[in-house]
Amino acid sequence: SATIHFMKNIEHYDVDPGNVIVCGDSAGGNLAAAVSQTLAGRSDLPKLRAQILIYPGLQALDFNLPSYQQNRGVPLLFRERAAFYVLQYLNGNASNLDEVLEGSHIPIDIKLNYRKWVSPDNIPEKFKVRGYKPRVLLDCTTEIYETVKRFCEPNLCPLLAEDAIIQQLPESFILTCEYDVLRDDGLLYKKRLEDNGAQVTWYHLEDGFHGIISLNDYCGFLFPAGKRGLDRTVKFLKRPINQLSLCFSH
Ligand SMILES: *[C@@H]1O[C@H](CO)[C@@H](O)[C@H](O)[C@H]1NC(C)=O
């Protein structure tokens, strides 16, 4: 609602309607992706120039994807916490956390239906060499599914949006970290965008962990990988201006 209000009243803010970019990290990356999808379908509003998704959380169907297994105990975001937060976001409580973690919160037929988008098969092999074990699909009871079925709505899990929406998305920048449970959410969304012909710039921090960008020069913390990630993000942000000045110099 805030973004739609902003876009409708853009002159009031003296902002160039052709140069609006949404950006967010972690849960904010989820919001930014959902906002981009909502605006993609609105012909009455200016198109976004781009979306920047920094280690976004984009799905809640599978907390046993390779990155969730590999980085289950890596700070700052433990696997159990990721499921806890997303349940709090959904329901305001963390009931059925155990089922969500083991994967018995969504019926098998629905999981199979989304397997084309949410599956370890869509994660490149090189990301699976580090301690990953394939798991059998579990079924779930209707009672549990009732409490979490909104996980299948793209507004909550943008990875599940239809191709027709993904195709209309603006240019994207996605940052992922190797030591992050949410790494595979980013990788899967990158694949969806690419499969639908959307333009994606992907930057992967081989030595990064979840939250590293916000720890840049915060309380004395400074990680070279975080600085690199931030620099890349800024470089992407500044690119349209660079292209413009390039035009003028010609
Ligand atoms: C958690 O939230 C759901 C959805 O609002 C509700 O059905 C359920 O009763 C709640 N559980 C607890 C323990 O409060």
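Keep in mind the model is a prediction, meaning the values are calculated, not measured. All ligand and atom numbering here is 1-based and tracks the order in the structure. Counting from 1, the numbers follow the sequence of the chain as shown.
- Every atom of ligand 1 with a heavy atom of Ser95 under 4.0 Å away is listed here by number and element: 1 (C), 11 (N), 12 (C), 13 (C).
- For atom 9 (O) of ligand 1, the nearest protein heavy atom lies 4.0 Å away or farther.
- No side-chain donor from either of Asn155 and Arg150 sits under 3.5 Å from a side-chain acceptor of the other.
- When heavy-atom distances to ligand 1 are checked against a 4.0 Å cut-off, Asn93 comes that close only through its side chain, counted from C-beta outward.
- Using a 4.0 angstrom heavy-atom cutoff, Gly92 does not count as in contact with ligand 1.
- Under 3.5 Å, the side chains of Asp163 and Asn196 contain a donor-acceptor pair of N or O atoms.
- No donor-acceptor distance shorter than 3.5 angstrom exists from the side chain of Asp180 to the backbone of Asn71, with no hydrogens or angles considered.
- For the residue pair Arg183 and Gln70, a side-chain donor N or O sits within less than 3.5 Å of a side-chain acceptor on the partner.
- The option from Asn91, Leu90, Thr147, Asn96 that lies nearest to atom 4 (C) of ligand 1, judged by heavy atoms, is Asn91.
- Side-chain contact of Ser104 with Glu99: a donor-acceptor pair under 3.5 Å is absent, judged by distance alone.
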